[in-house]
Structures are given as structure tokens and as C-alpha cells.
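Atoms considered below: every heavy atom in the structure, side chains included; atoms not considered: hydrogens, waters and symmetry mates. Here, residue 1 is the first one in the sequence, and each next residue gets the next number.
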Amino acid sequence: HADSRAVGRAALGAMAARKLRQAAAELTARLIDEVGSSRFDAMAVVARYVPVAVIAKAAGVPDDSLTRIVEATQELCGALAPRLGEPLGIDADAAARQLMARMGAAVHSNNDERTVNVLALLFQALDATAGLIGNSLLAAARHRWEGDVDALVAETIRFDGSVQNTRRITAEPLTIGGRDIGEGESLLLLLAAGNRDPAVHEDPDRFNPARAARDVFTFGFGPHRCPGETIATEITTGVVGQLLEPGYDLIDRDAATYE
């Protein structure tokens, strides 16, 4: 596991976070121009395309292959985690092989371990980063936020993060909150609850981008903390910042639904 994380961190290290923010903003602007309509679905047009495309390009995928990589990532995500009410569709193994083949061909690489780590980033970007973009836009609309975009995204990560929980397996017996838990037990960790701990955050159920400090668990904690935290935050900020530029209006704030 340590070796795999080292490979993953090396791939991440090659991606300059601030450049990803700029790339995300520029791609968002281009996609909106291509829509050619004053009304569009930001999730479908931007949020589920830009994060994957930006990361893929940073990993070496040429522009003419980006859409194929995004489509293959969407198929893999749909196979592994179909949305409620949707059939499973394509076989997950076949989708994974297809994405591996397309990615390897696009970057002319036979380093499977590096490719797998990049694919994991693409998979997370498709839903988790897209969800953070959507939640940030929704927060801006509902709270009429017109201030700093970095503060908006940071508070959205705490208040309404796109990853609400995770699981851990106990390596040995332990006691938490007075309850004994045996070795090998599966624990459901509610990250969202930790983000609203009143012992940590004053008035935790209030959305407050001007909050002085935050201690959040959305990206995990400790050695298993998500290594893509900075990348996800920078891409989200680039996309949301572009969509909140003068000339764009957020609508249907009350009709928004969660997936």
C-alpha cells in the first residue's frame, strides 16, 4: 500500500495545483461558449466534464483524446456506482479495461501502476469533485453569496461536502465512546457529522464562508487522508469562480435535487 501511495503521490506531484485552477476556469468558459444558449445544466455541461478533463490533460493526455477519456471514465463510474434507479449497464471489468487501454494509448505509457493511480483520480473527480462543484453553486445561490470564492468553497467542503461518509476496518480491538469494538469490525464514519461538531465549530449548522477557522473531515484524516484534496479544491474553485462571474445567473435554486 505504501508503495502504491508513493506512485500516486508522484503522479499528483507533477500537477501544479494553481495551474489546474486556471485550466478549469478556461475550460469552463470554453464549454459555456460552445453551448450557445443562455440556459444550461452546469452539472451536465461543466461539472462532470471539467475535473476529469483537466486532470487527464495534466497527466499527459492530448487535447484530441480528452473527450474519449472522459466518456470512458463516465462508463466506469456508471458500472461501479450506478445512480439510483439506473440499471447497472456496462460490465465494470470491461469498463476498467477500456479506460486503462485508452489512457495508456493516450499518454503512450505501459506503466500500469501509475496509470491505475491516475485513473483513481479521474474516477473520484467525476463524482466527488463534480459534487463539490454542484454543492458550491447551490450554496452560492441559496445564500446569495457574492464574496470570495475560496471562502465559499472552503465552507461548502465543511457544511455540505460531496463525500458524507467512509468506512474503516479495525486492525485490533478498541474502545470508542465507551463502546468496545472487536478486531476486524467494519465502522461507518460519518464525516459530515464531524464537520458539524459543535465542540469544534461555533454555530456549526450555519453556512458561514467568513468563518475564521475550520477543522474538516471531508477528505478523511491521518495516513488515509485523500491525497487529491488540493487538486479537487483548486479545480472546484476555478470552475465555480468562472460560473459566478458577472453575466451568469444561478437559477432553479429551490428545485435542486441530490444524487
Side-chain angles (χ1 to χ4, degrees), residues 17-18 20-21 24-25 28 40-44 46-48 50-51 83-84 124-168 176-179 187-222 224-259:
R18 283 290 172 174
L20 295 182
R21 178 188 292 211
T28 297
F40 60 91
D41 183 342
M43 293 303 295
V46 176
R48 292 200 179 94
V50 171
R83 291 183 170 81
L84 293 177
Q124 288 296 321
L126 183 63
D127 262 3
T129 306
L132 181 56
I133 291 170
N135 290 359
S136 297
L137 292 172
L138 185 60
R142 286 179 172 171
H143 300 279
R144 309 304 202 270
W145 180 253
E146 296 180 351
D148 180 62
V149 177
D150 288 83
L152 168 70
V153 172
E155 179 67 349
T156 301
I157 290 172
R158 183 198 71 84
F159 184 82
D160 192 17
S162 56
V163 178
Q164 299 280 306
N165 59 70
T166 189
R167 287 189 180 273
R168 291 291 182 266
I176 300 178
R179 179 172 178 176
L187 303 181
L188 176 63
L189 309 182
L190 301 182
L191 305 175
N195 288 343
R196 297 199 188 192
D197 185 351
V200 178
H201 299 106
E202 182 179 353
D203 199 4
D205 293 327
R206 183 168 71 94
F207 184 82
N208 179 19
R211 195 176 295 276
R214 299 175 185 85
D215 188 6
V216 300
F217 295 93
T218 302
F219 292 96
F221 182 80
H224 288 284
R225 189 177 183 92
C226 176
E229 176 178 357
T230 300
I231 287 176
T233 302
E234 291 294 330
I235 290 177
T236 297
T237 305
V239 171
V240 172
Q242 185 64 37
L243 289 172
L244 293 182
E245 283 288 310
Y248 303 129
D249 292 320
L250 300 177
I251 60 176
D252 295 339
R253 61 178 65 88
D254 297 321
T257 58
Y258 287 89
E259 294 181 341

Query raised in the report: Which atom names give the shortest non-hydrogen contact between Ala130 and Ala47, and what distance separates them?
Result: CB-O, 3.2 Å
**Report entry** Asn195 side, atom CG; Thr218 side, atom OG1 - distance, nearest 0.5 Å
**Finding:** 4.0 Å
Requested in this report: List for me each residue that meets salt bridge (charged side-chain N to carboxylate O under 4.0 Å, His left out) alongside Arg158, sequence neighbours excluded, and say none if there are none.
Outcome: Glu155
Query raised in the report: Nearest heavy-atom pair of Pro198 and Pro204: which atoms, and what distance?
Result: CA-CG, 3.9 Å
Query - Nearest heavy atoms of Ser162 and Ala128, plus distance in Å - result: OG-O, 2.7 Å
Query raised in the report: Say you draw a straight line from CD of Gln242 to OG1 of Thr237; how long is it, rounded to the nearest 0.5 Å?
Result: 13.0 Å
Query - Heavy-atom side-chain proximity of Phe207 to Leu152 below 4.5 angstrom - result: yes
Report task. With salt bridge (charged side-chain N to carboxylate O under 4.0 Å, His left out) as the test, would you mind laying out the steps for Arg21 and Asp150 before giving the verdict? Result -> CA-CA 11 Å; Arg21 178 188 292 211; Asp150 288 83; 2.7 Å; yes
Query raised in the report: Do side-chain atoms of Arg211 reach the backbone of Glu202 as a donor and acceptor pair under 3.5 angstrom?
Result: yes
Query - Any Asn165 side-chain heavy atom under 4.5 Å of Leu190 side chain - result: yes
Query raised in the report: Taking all atoms of both residues into account, what is the closest heavy-atom pair of Val46 and Thr28, and its distance?
Result: CG1-OG1, 3.7 Å
Report summary line: The reported gap from CG in Asp160 to OG in Ser136 (rounded to nearest 0.5 angstrom) is 8.5 Å
**Report entry** Flag, side chain of His201 to backbone of Arg214, donor-acceptor distance under 3.5 Å
**Finding:** no
Report task. Please examine the side chains of Arg206 and Phe159, heavy atoms only from C-beta on, and report whether any two atoms are closer than 4.5 Å. Result -> no
Query raised in the report: Got a second to check how far Ile235's CD1 is from Thr230's OG1, nearest 0.5 Å?
Result: 11.0 Å
Query raised in the report: Got more than 12 heavy atoms from elsewhere within 6.0 Å of CZ, Phe221?
Result: no
**Report entry** Between CE on residue Met43 and CZ on residue Arg48, distance to nearest 0.5 Å
**Finding:** 4.5 Å
Requested in this report: Could you give me the CA-CA distance, side-chain angles and deciding distance for Ile133 and Thr236, then say whether side-chain contact (heavy atoms from CB on, under 4.5 Å) is met?
Outcome: CA-CA 5 Å; Ile133 291 170; Thr236 297; 3.8 Å; yes
Report task. Would you give the length of the straight line joining atom OG1 of Thr233 to atom CG of Leu132, rounded to the nearest 0.5 angstrom? Result -> 6.5 Å
